[in-house]
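Worksheet for the structure shown next.
The sequence lines fix the lettering, A, B, ..., with proteins before strands; numbering per chain opens at 1.
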There are 2 protein chains.
Amino acid sequence: MKYTIRDVAKKAGVSIATVSRVLNNKDRVKEETRQKVLSVIEELNYVTNFSAKALRKNQTDVIGAIVPEIANSFYGEIIQGIENKANEYDLRLIVCDGGGKLEKELDFVRFLYDKSISGMIFILTSLSDDELVKIKKSGKPIILFGRNMQAYNIPSITVDNKRGAYKAVMHLVSHGYKKIAYISGDEAPHLPDRKERLDGYRAALQECGYEIKPEYIAGGPTQTISTVFTHLMELPEPPDAIFCAYDELALGVLKTAQQMGVKIPDDVALVGFDDLRICQYTSPPLTTVKQPTYMIGNLCCEKLIYTLDQNNEVPSVNLVIPPQLIVRESCGC
Amino acid sequence: MKYTIRDVAKKAGVSIATVSRVLNNKDRVKEETRQKVLSVIEELNYVTNFSAKALRKNQTDVIGAIVPEIANSFYGEIIQGIENKANEYDLRLIVCDGGGKLEKELDFVRFLYDKSISGMIFILTSLSDDELVKIKKSGKPIILFGRNMQAYNIPSITVDNKRGAYKAVMHLVSHGYKKIAYISGDEAPHLPDRKERLDGYRAALQECGYEIKPEYIAGGPTQTISTVFTHLMELPEPPDAIFCAYDELALGVLKTAQQMGVKIPDDVALVGFDDLRICQYTSPPLTTVKQPTYMIGNLCCEKLIYTLDQNNEVPSVNLVIPPQLIVRESCGC
DNA sequence: GTGAAAGCGCTAACAT
DNA sequence: ATGTTAGCGCTTTCAC
């Protein structure tokens, strides 16, 4: 049985307006009537119809988040951060697994965004700046993680990739490594991560007066990790350390190295980027630059809620999060 | 600018009823008018207001799913399976991270379920049978994973835990291991997994005529994995193989063993249960019993959608999924 | 094949 | 302090 506000009103002997009042406790209601209404609500087990409420108020308590891959714990942790924060504010979260496909993301935006959701969070989206601006213009607040959109007046959060890479390489240098290679993996043209991390790598070497050898910068989009790694180790002067643009690359290197009988960190040191959960369990455990995923999710959601509250009239700044070097054993330090 | 069906009607020179007709293409509309309306919709960039639609039709196109921990890739993969399937049917998914806490789950049920969602999926819920039955009675379809609720007429999906454990232990036995221990980890009183896996372990040993030694069945709720493992290895007759009730336990054993200088699989073989993503990256890679997470998510969602379509008039059966032994290196076979 | 009109359940003026 | 009422945008009879 589904009761409406009308049923409650009749049974409590008041008008529906009064019921609505106690439900939303905005206007004041006589304590006596309030109690009466409350008891009837309890008795009938009445629950508000949120579609009706949403229609009337023209806003819902649902937000959306698009991630490239939910099953990846990196994104799972971000989602968790978003969801937990959303719950604090009685907001619900619709998740969208973009699968890294632009078309799928666009579908979500079309189907979901114009729907009754209050706002949306984009995690490492494939959408172009233009598309994002268009969405933003369509009215509802959006938050981005992974791209600085301050120039477009869209609030965003980024991790200081350059600094993270710099720290990683510096750590290697300070422990005596002199021939440090960089594996970049596949490119994501719309995302600045790779480039920034490469910049950090370069900056560190430069600062130390080390030569930046082109043959030490490896890993195009089409090559497998094992080819890249093998190639690197077969160089006349193989590197004594490798910095990978992201952990999955490092994981691949770890595996290949093991198969080839190359010892890590004894033969080559290895450092990754992201700090996936797996990193603590590999052998050796992987030294890496941590992106604080849960916190990132939290912050994205907080920013969105803030924008929601402020009715979108907020200066849209980019928040940059400092990365943290997690030293484990793969760097041999 | 937000246009309504009314705007479209006016601009197209038809009634709102007609617009609704072409929108839902149920009743037939003259091809000419349909085209006209369609073009106006396109031109105005009209999108339906889903709150209104939901209110009117008294049903939404969103479903909910409760999992213990989104950030865990095991659940992440299930969520992904649910989400992907839902999208095929133009359904959206609200995720709820229960954090393993009963109270939080209950909150979701209260806050979410009675709301405008069409149905709900419970993944390894902490809710009691009674609570589940009550929810089911309240009208909307629910699906369970991890507990057989057929007796209560609630459709559910389970993995054949006993058979999985049996397979794992049998594999160990067939490769010559004779002293096989079982680590059960913390108990989840409402979930039958642990018990079933223990049963499988027992059944296998029994079938082989091996003695079931109480001291080989280890791991209460309060002990850390390292204590349990150490204790096991200090037994007058330490086991030559360990079967863990779930992968995280095995991961812990792996770590402890490494710290203690115990070689796996040379000193003790190790087998887990679940097949977390991490398992392929550990060293040695972990032999384990796979629960097909993505498929589980898919099936849960499919079952829910089916129930939705059939208006809940379906015999509620339990579907049991056969587990699969994934042989890697930790068992030394 | 198309239009008019009656609500779905709720909130928010506006009355009283 | 409480009641009356007008919609929010849509689907769906029921006429024509």
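As a whole-Å value, the separation of B/F50 CZ from C/dC8 C1' is 17 Å. Atom CG in B/N49 sits about 6 Å away from atom C1' in D/dG9, given to the nearest Å. Atom CG in B/L55 sits about 8 Å away from atom C1' in C/dC10, given to the nearest Å.
Applying side-chain contact (heavy atoms from CB on, under 4.5 Å) to A/T158 and the options A/L319, A/I321, A/N148, A/D193 leaves one that passes, A/N148.
Contacts of B/D27 with the nucleic acid, taken as non-hydrogen atoms under 4.0 Å apart, are absent.
With a 4.5 Å cut-off on side-chain heavy atoms, A/V95 and A/E83 do not count as touching. By the 4.5 Å heavy-atom criterion applied to side chains, B/Y152 and B/K136 are not counted as neighbours.
For B/S156 against B/N318, the heavy-atom pair with the smallest separation is OG-ND2, 2.6 Å. The minimum heavy-atom distance linking B/T60 with B/A54 is given by the pair CG2-CB, 3.4 Å.
For B/K104, the NZ atom sits in a packed shell: over 12 heavy atoms of surrounding residues, nucleotides or ligands are nearer than 6.0 Å.
A close approach under 4.0 Å does occur between a side-chain nitrogen or oxygen of B/Y46 and OP1 or OP2 of D/dC10.
Contact check of residues 29-37 of chain A against DNA chain D (heavy atom, cut-off under 4.0 Å) returns A/V29, A/K30, A/T33.
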Are there any protein N/O atoms within less than 3.5 Å of an N/O atom in nucleotides 3-6 of chain C, and if so, which ones and at what distance?
| unit_1 | atom_1 | unit_2 | atom_2 | d |
| --- | --- | --- | --- | --- |
| C/dG3 | OP2 | B/S15 | N | 2.9 |
| C/dG3 | OP2 | B/S15 | OG | 3.0 |
| C/dG3 | OP2 | B/T18 | OG1 | 2.5 |
| C/dG3 | N7 | B/R21 | NH1 | 3.3 |
| C/dG3 | O6 | B/R21 | NH2 | 2.4 |

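No side-chain N or O of B/E42 forms a donor-acceptor pair with one of B/S39 less than 3.5 Å apart. Side chains of B/S118 and B/Q59: no donor on one and acceptor on the other come within 3.5 Å.
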